Amino acid sequence: MEALQAKARELLAAGTVKVVIGYGKGTGDTRRPIFVRAVERAGDLVVDAACTQNLATYLTKAEVRALGRMAIVALPSTLRSILQLAAEKQLREENVLALAVIDGGLRELATFDAIEEALATVPDALSDADQKLIDKLTAMSVTERRAFWAEELGRCVKCYACRSSCPMCYCERCTMDCNRPQWIPVASHAIGNLEYHMVRAMHLAGRCVECGTCGKACPVGIPVHLLTFFAEQSVRRQFGQKGGASAKLDYAMSTFKPDDKETFIR
Amino acid sequence: MSRIGVFICHCGENIAGTVDVAAVTQAALDMTGVVHAVDYKYMCSDPGQTMLKDAIVEKKLDGVVVAACSPRMHEPTFRRTAEEGGINPYQCEMANIREHCSWVHEKGTPTTAKAIDLVRFQVEKVKRNHPLVPIRVPVTKKALVLGGGIAGIQAALDIANTGSPVLLVEKSPSIGGHMSQLSETFPTLDCSQCILTPRMVEVARHPNITLYTYSELEKLDGFIGNFKATIRRKARKIDEKLCNGCGVCQQKCPVKKIPDEFNEGLSNRPAIFVPFPQAVPNKPVIDLANCTYFKNGKCKACEKLCPTKAIRLDQEDQIEVHDIGAVVLATGFKTMPVSNFSEYGYGKYKDVIDGMKFERLASASGPTGGAMKRPSDGKTPQHVVFIACAGSRDRLKGVPYCSKICCMYTAKHAMLYQHKVHGGQATVFYMDVRAAGKNYDEFVRRAVEEDGVKYVRGRVSRVYEDDGQLVVKGVDTLLGAEPVEIRADMVVLATAVQAQNDAEELAQRLHVSYDPYKFFAEAHPKLRPVETNTAGIFLAGTCQAPRDIPETVAQASGAAVKVAGLFSQPELTREPIIAVVDRQPPPVFSHCVGCFLCKSACPYQAIEEESIKNRNGDVLKVVAKVNPGLCQGCGTCVSTCRTKAIDLQGFSNEQVFAELMCI
Amino acid sequence: MVDPFEPKMTAFVCNWCTYAGADLTGTSRIKYQSNVRVIRLPCTGRIDFMMVLKAFSRGSDGVIISGCHPNDCHYTSGNYHARRRWMVFRDLLDFVGIDLRRVTFSWVSAAEGAKWAELVNEATNNVRALGPYKEIQQLAAVGID
């Protein structure tokens, strides 16, 4: 933590970056994102096990980018988001400096190659709890799963916190906001909730870095991250491509192999 | 408010016999936005079309639905009629109540209900149609032909004869290709060079053809009608204007032992050379890898001795950029190397040769003057074995396809051998004899019946050297798989035809598709054999698939006609069913966020980057832009786009949504 | 007296292969059940999964999706992209508990008139046996259309 605060002070004082996006203390034991611009505030930065939100979502916000070059406290999933955003031309290498928190240490990563290299040693695995839940769901019958999701999504109030917290949901006009035509009902509507989350999962398939921030952001505790995880894992399993692997675009859903294997097309 | 007219066709009894057309008409009148609905016996007839035009004018219609046969049948007809009636042709849609309704369902209420639904779908769709204008793309009327073999020569001549300028670019120092290496051609046994060289000379002298030999295409930018080709004209080290082709340089060059590529290594050539005596242009080129001067700075004999002082040792490659409207790919083929065949000696045996080498042996202008002399010791072979399908039709160790020409040229080789060596015996080991062309089967019969060539149906498992001869171990399947062993003096392998070594790299550079064997892919295997999926790039000859000379020439002429068709209009007019990226007023400019996932999905590289700038030139946003000259209107980009910033005219999101709302 | 249940079927087809194949079915006068309503698109690559969801929420009991065989796409690769999309979408549908038997995928070429008829009949029969898609239709009935 001290290393991070010292580094932040150094970067801000020298003007190397104009803002450090990191975690600060929230209410109680929570952590919240903070945007440190003044050297004196570098002490607000914390990094510990409670810091789980993927901060990469702020790298595409106009107000943050307008400040200048950004440094970001990066978990492995944040690093993957940075690569995926770069692949989708939303980030330029010179505009972002990653302060990576890997294996308890702090590393300054200034290039996308350096980030790829640093990630090579980090395995991507879901948390035990998430994996258990996915396994439990896949073991259920279709009817049981429908009942599960009907109950969970019944609580959805369409606050779109999941969408706001996701680094890959940077579209200025989300398809949900388009009303000509309005494909998915926007109100907290039984079928609209189901359709919205399915569409989001499909839009994330091949781009999701499995940070789980969307699920954590949900104020009513719906495990929406499982849907995006599932779509992402379906892509990985069937096509071998994944989100956040490289700063060069390799998007499974806009590429193909002539011999992709499926079992259901007559 | 829309003013839609619905016209329900009886199509005689084809529709009216099964669908209650009066009910459909009545239902149409009740649909929101429909101000006119009639039924008629034959909408496509003259009176029917007149009725449509009159209704457009009288009722001030702004959209038309014709409920009749399939749009694949008459959409162009009715769109033209609508245009004549005064509305944009793309404001006309067809509801298919014949092929998809009256012809496939029983008469009854459900069928009529379906017809009404189908009409309703199209009414809702057409309300969201926008007037569309055909896209016009300017065309540079100059063609680039890549490859100077018979395919490239034919295509270049045909295009040049229509009056358009052609740039013919050939990699090697002379045009002519593989055909110039052949001795005689089947089925006529015409001397190959005798029929080829007049064409070669015509190319050189044609006022509309610019011939660049010893040159390569480095880059091709742009799109149909508007290509920019970057050509590298490699330095021959000769001033072509001064050289008079006397040949003194070649005689005096001290480096004489380089294997001659034209003669397939059967003879040698000097470091400064003309590939063959009938080369066009008849100007030498210096082989930099083998020239003493370029290797270690000594010699310069050619420069000293050239009577016209034409040698330019410091000549550099020249790079030129040409504006091109269309490209014809005619880059030819290679054959599978003999070294590929472990069972036939890995290429170690000098007397196991391939078809091309045999051609040079048989050729009157070849290293043996046409006499049959085997490569190892120059003796006349008394028994020659020809092995067909060497590497072809072989899923395990070769290529699975048939190379098409080998049965014919093997018969030809066997015949030529029998003609030259009267006491000799030619034996052909074959799987099938494929002689499907005109006079082809008669040709093969001639080899068997008149020239005494022996045909054994079976494969050869092994060839090995023994005491100056080659032992060929094969089998005769027509005699019940009886083993056959022949002691031959020479073995000729009909090796598989393959794509050139650099075919894949060239295809990727030009964004042309290719198949798993690196042959360039045609746009449709049946109906579009000379076009590629890259608009403006056409195919001729063996670079697309193995084929013989008559087919190559036919295809080259076909490609030339496509080019001529493209050049015949001042502009290229295209259907406006294309994708468009939206534009909005500032500060949004476009809903596109510039992720370019659409770009990687587009099969036609039709999506480009566009920088939206303010008046100071600062880039505000980089968004996608569809090139209207390239987009074919598949809509893959539209479904890839998360934010739906890109839409397909003619099948827009709103139109599909409107149809779905009718369910 | 309640009418026996007749499923509403919506089909998304590509213009060059399946639509032409369906035309051939008509030209050959091969009869099939009339429950299906075809939406013509230039290519299966144009099919967005939101369209499928919309078809269900509007009251379709079954959906048919059909296009050109792999390697035959008029636009070279639209069907390959579509195939990838469906491979993931189908998994997701199953994960959220939507009955996969209600969606039928197929490759029908312009020469396969008989196959189109078979496909429609089979899909319609399957969906008729499954009954109306109450689960989705009840969800959709809540509030707005």
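Everything quoted here is computed from the prediction, not taken from an experiment. Lettering follows sequence order; numbering is per chain, from 1.
- Only the side chain of B:Glu609 comes within contact range of chain A, judged by heavy atoms closer than 4.5 Å.
- The shortest heavy-atom contact between B:Leu660 and A:Trp183 is CD1-CZ3, 3.8 Å.
- Across all non-hydrogen atoms, the minimal contact from B:Ser590 to A:Glu172 is O-OE1, 4.1 Å.
- A:Thr175 pairs with exactly one of B:Lys644, B:His591, B:Arg642 by the side chain to side chain contact (heavy atoms under 4.5 Å, CB included) rule, that one being B:Lys644.
- More than 12 heavy atoms of other residues, nucleotides or ligands lie within 6.0 Å of CZ in B:Arg509, so this atom counts as buried by the packing criterion.
- Between the A:Arg173 side chain and the B:Thr643 main chain, a donor and an acceptor come within less than 3.5 Å of each other.
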After noting the C-alpha distance and the side-chain angles of A:Arg207 and B:Leu597, does the key distance pass the side-chain contact (heavy atoms from CB on, under 4.5 Å) rule?
CA-CA 11 Å; A:Arg207 305 165 66 229; B:Leu597 299 182; 4.2 Å; yes
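- Around the NZ atom of B:Lys613, the shell of radius 6.0 Å holds no more than 12 heavy atoms that belong to other residues, nucleotides or ligands.
- For B:Ser639, no part sits under 4.5 Å from any heavy atom of chain A, backbone or side chain.
- The distance from the CZ atom of A:Arg180 to the CZ atom of B:Phe657 is 11.0 Å, given to the nearest 0.5 Å.
- If you measure heavy-atom distances from B:Ala645 to chain A, the contacts under 4.5 Å come from the backbone alone.
- With a 4.5 angstrom heavy-atom cutoff, A:Cys178 does not touch chain B via any of its atoms.
- One finds the OG atom of B:Ser600 at 11.5 Å from the CE atom of A:Met253 (value rounded to the nearest 0.5 Å).
- Of the possible polar contacts, one joining the A:Gln90 side chain to the B:Val593 backbone as a donor-acceptor pair under 3.5 Å is found.
- Residue contact with chain B, scored on non-hydrogen atoms closer than 4.5 Å, is absent for A:Phe256.
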